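Here's the structure, in structure tokens; my notes come after.
Since the model is a prediction, treat every value here as computed from it, not as a measurement.
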Amino acid sequence: MASEASSEDELDKAPVELDAPALEGMFTKELSSAFAALGCFNLAIFGATGAGKSTLVNAVFGRDVADTGVGEPVTRGIEYHRRDDGFLGIYDSEGFETGSAGDQILDGLREVVGARRSAPLDQQIHAAWYVVRWSDRRFEDAQAAFVRGLAELGLPVIIVLTQVPTKDGAVHPHAQELSDYIEQLNLPIRAGGKPVMTNAMADEFTHSPAFGLNRLLDATYDVVPEAAQAALTAAQRLDMERKKKAVKAVINQAVTVASGIGAVPIPFTDAALLVPNQVTMIARISAAYGLPPQRSRAMAVAGSVVLTGGATMAGRYAVTNLLKFVPGGAIAGSAISATVAGSLTRAVGMAWARVCEYALTLPAGQQEAFWNSSAVVDKFRSSLTSGAGKGRRK
């Protein structure tokens with residue numbers, strides 16, 4: 001008990017506040033750098049009006065880019081919308097891609113692809129979805145020609161059948177017939193040469209559930225260059241495990257850096273030496289979860305509170321609840337060793353990850369309010385202490 005008390009007394013001598021404006025500026029700068037490092041995933045999406053393109057984009061990426069991003073015409077019949085978070089771009093056509101209209105769009109795309117072939121990766125088109133509404137029950141020769149034209153431009157094409165109803169896990173037989181017909185055309189498409197059947201939104205009238213979206217996402221990952229996958233991971237809203245995997249790598253890297261800082265044990269009063277590394281870690285975690293940078297001001301404020309002495313403030317909650325459970329069982333000499341520095345940084349990173357995961361469960365309006373409230377700090381503190389408890393049980 002005495003050693004625990006002395007550790008708390010030592011920590012109380014640490015500065016309770018750092019320079020909040022400087023810390024906020026540091027966080028904002030690191031957040032901007034983290035988003036820039038993600039780059040941008042660019043998707044071209046084609047299909048007739050009413051095929052469900054916007055609904056599909058909403059289901060996979062959380063919101064319609066055309067409604068929330070900045071759009072600009074890039075060539076005849078095609079607009080490019082870059083979502084305001086910067087890591088998702090959509091090339092969208094006017095909605096009718098057969099006959100002369102399709103030829104015009106292909107001519108325009110040829111210009112875009114040719115001009116950007118030698119451009120940085122985040123300016124290139126990484127995948128193309130050709131969207132077909134199953135209830136049209138036909139796939140015309142002109143559509144097949146358009147798909148071949150896309151592939152000839154070097155674009156990896158995935159055909160997506162939308163609004164497909166299911167019953168007891170089986171797709172509507174007419175949708176299956178259409179899929180089989182398209183498959184036997186031997187078009188140069190990905191996903192094993194088969195259309196990906198989807199229903200982006202559950203239908204209360206027919207009781208058809210949403211399905212197929214994860215298969216579409218997996219097929220898209222299969223064709224996207226590795227360098228663009230980080231942006232796709234940040235942008236998509238379906239697969240939390242991919243986000244968690246990216247965040248785990250960020251935390252592990254920060255732990256390694258922190259352990260290096262603590263390789264020569266430092267007093268608790270110098271715990272602020274760990275803060276810049278933690279700021280970078282939290283910024284990169286935020287970016288990996290795809291939290292939009294237009295909220296960077298709110299997040300910077302939250303971050304400055306949470307990280308006010310990331311190692312010192314967090315330490316008040318973690319030292320007695322977490323660090324006494326690190327190997328050895330006690331804090332030797334009231335100092336931060338490599339093990340302690342690494343354990344504390346991991347605890348901070350995992351707590352912030354839980355904050356981000358919680359925020360992603362909130363509707364957009366509530367998420368904005370959350371980042372601008374003290375609830376962020378409360379959530380961080382409760383996540384930190386609950387994480388310490390888990391460490392004890394292990």
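At least one side-chain heavy atom of Q163 sits less than 4.5 Å from a side-chain heavy atom of W134. When side chains are defined from C-beta on, F61 does not count as touching L56, because their heavy atoms never get closer than 4.5 Å. Put simply, the side chain of Q367 does not reach to within 4.5 Å of the side chain of P363, judged on heavy atoms. By the 4.5 Å heavy-atom criterion applied to side chains, K244 and M240 are counted as neighbours. Side-chain atoms of L153 and R110, non-hydrogen and from C-beta on, do get closer than 4.5 Å to each other. Within the 4.5 Å cutoff, the side chain of V57 has no heavy atoms near those of the D92 side chain. Two residues are said to be in side-chain contact when any heavy atoms from C-beta on lie closer than 4.5 Å; R116 and I125 fail this criterion. Residues F46 and I105 have side chains in contact (heavy-atom distance under 4.5 Å, counting atoms from C-beta outward).
Judged purely by atom type and a 3.5 angstrom limit, Q176 has no side-chain atom pairing as donor or acceptor with the backbone of V171. Of the possible polar contacts, none joining the E30 side chain to the F27 backbone as a donor-acceptor pair under 3.5 Å is found. Checked by atom type and distance alone, the side chain of N372 pairs as donor or acceptor with a backbone atom of E368 at under 3.5 Å. Listed for the N199 side chain is no donor-acceptor partner under 3.5 Å among the backbone atoms of F211. A side-chain donor-acceptor contact under 3.5 Å links K243 to the backbone of T233. With hydrogens and angles ignored, the 3.5 Å screen pairs no side-chain donor or acceptor of E183 with any backbone N or O of K194. Remark: the backbone N or O of D222 is not paired with any side-chain donor or acceptor of R190 at under 3.5 angstrom. Side-chain N or O atoms of Q184 include one that pairs as donor or acceptor with a backbone N or O of Y181 at under 3.5 Å. Remark: side-chain polar atoms of S373 are paired, donor with acceptor, to backbone N or O of A375 under 3.5 angstrom. Not one N or O on the side chain of T345 forms a donor-acceptor pair closer than 3.5 Å with the backbone of G342.
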Report task. Start with the C-alpha distance between V60 and L238, add both sets of side-chain angles, then the distance that settles side-chain contact (heavy atoms from CB on, under 4.5 Å), and finish with yes or no. Result -> CA-CA 6 Å; V60 176; L238 293 176; 4.1 Å; yes
Requested in this report: Give the intermediate values and the outcome of side-chain contact (heavy atoms from CB on, under 4.5 Å) for residues L43 and Y91.
Outcome: CA-CA 6 Å; L43 172 70; Y91 287 86; over 6 Å; no
Query raised in the report: Can you list the steps and then say if L31 with L291 is a side-chain contact (heavy atoms from CB on, under 4.5 Å)?
Result: CA-CA 10 Å; L31 189 64; L291 295 169; over 6 Å; no
Query raised in the report: How far apart are the C-alpha atoms of L161 and V196, what are their side-chain angles, what is the distance that settles it, and do they pass the side-chain contact (heavy atoms from CB on, under 4.5 Å) test?
Result: CA-CA 6 Å; L161 295 188; V196 177; over 6 Å; no
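V164 and M201 sit in two unconnected hydrophobic clusters of ILVMFWY residues. Membership requires side-chain heavy atoms under 4.5 Å apart, directly or through other members. Residues L121 and V224 fall into different hydrophobic clusters, defined by Ile, Leu, Val, Met, Phe, Trp and Tyr side chains chained together at heavy-atom separations under 4.5 Å.
Relative orientation of the F370 and Y358 rings is perpendicular, given thresholds of 30° and 60° on the angle between their planes.
Here the straight-line distance linking atom OH of Y221 with atom CG of D239 works out to 6.5 Å at 0.5 Å rounding. Within the model, atoms CG of L185 and CD of Q143 stand 10.5 Å from one another, a figure rounded to the nearest 0.5 Å. To the nearest 0.5 angstrom, H172 atom NE2 is 12.0 Å from L178 atom CG. Note that CG of L38 and OG of S33 are 11.0 Å apart. Values are rounded to the nearest 0.5 Å. For the atom pair CD (Q104) and CD1 (I78), the distance works out to 9.0 Å, reported to the nearest 0.5 Å. Distance SG/C356 to NZ/K379: 11.5 Å, rounded to 0.5 Å.
A donor-acceptor contact closer than 3.5 angstrom links the side chains of E357 and Y289. Using modelled atom types and a 3.5 Å distance limit, the side chains of S286 and W352 yield a donor-acceptor pair. Looking only at atom types and distance, the side chain of N42 has no donor-acceptor partner in the side chain of R82 under 3.5 Å away. Side chain to side chain, W129 and T220 meet the donor-acceptor criterion of an N or O pair below 3.5 Å. Between the side chains of R284 and Q253, at least one donor N or O lies within less than 3.5 Å of an accepting N or O. Side-chain polar atoms of H126 and Q124 form no donor-acceptor pair below 3.5 angstrom.
Heavy atoms only, all atoms of each residue included: D218 and R242 are closest at OD1-NH1, 3.1 Å. A pairwise comparison of heavy atoms in D122 and C40 identifies CB-N, 3.5 Å as the closest pair. Of all non-hydrogen atoms in S179 and P195, the two that sit nearest each other are OG-CD, 3.6 Å. Contact between P188 and V157 at its shortest, heavy atoms only, is O-CB, 4.4 Å. Between V247 and A288 the shortest heavy-atom distance is CG2-CB, 3.8 Å. For the pair P209 and T166, the tightest heavy-atom approach, listed with the atom from each and the gap, is CD-OG1, 3.2 Å.
Aromatic ring centroids of F87 and F35 lie under 6.0 Å apart. Between Y130 and F146, the ring centre distance stays below 6.0 Å.
Within 6.0 Å of the CE atom in M26, the count of heavy atoms belonging to other residues, nucleotides or ligands exceeds 12.
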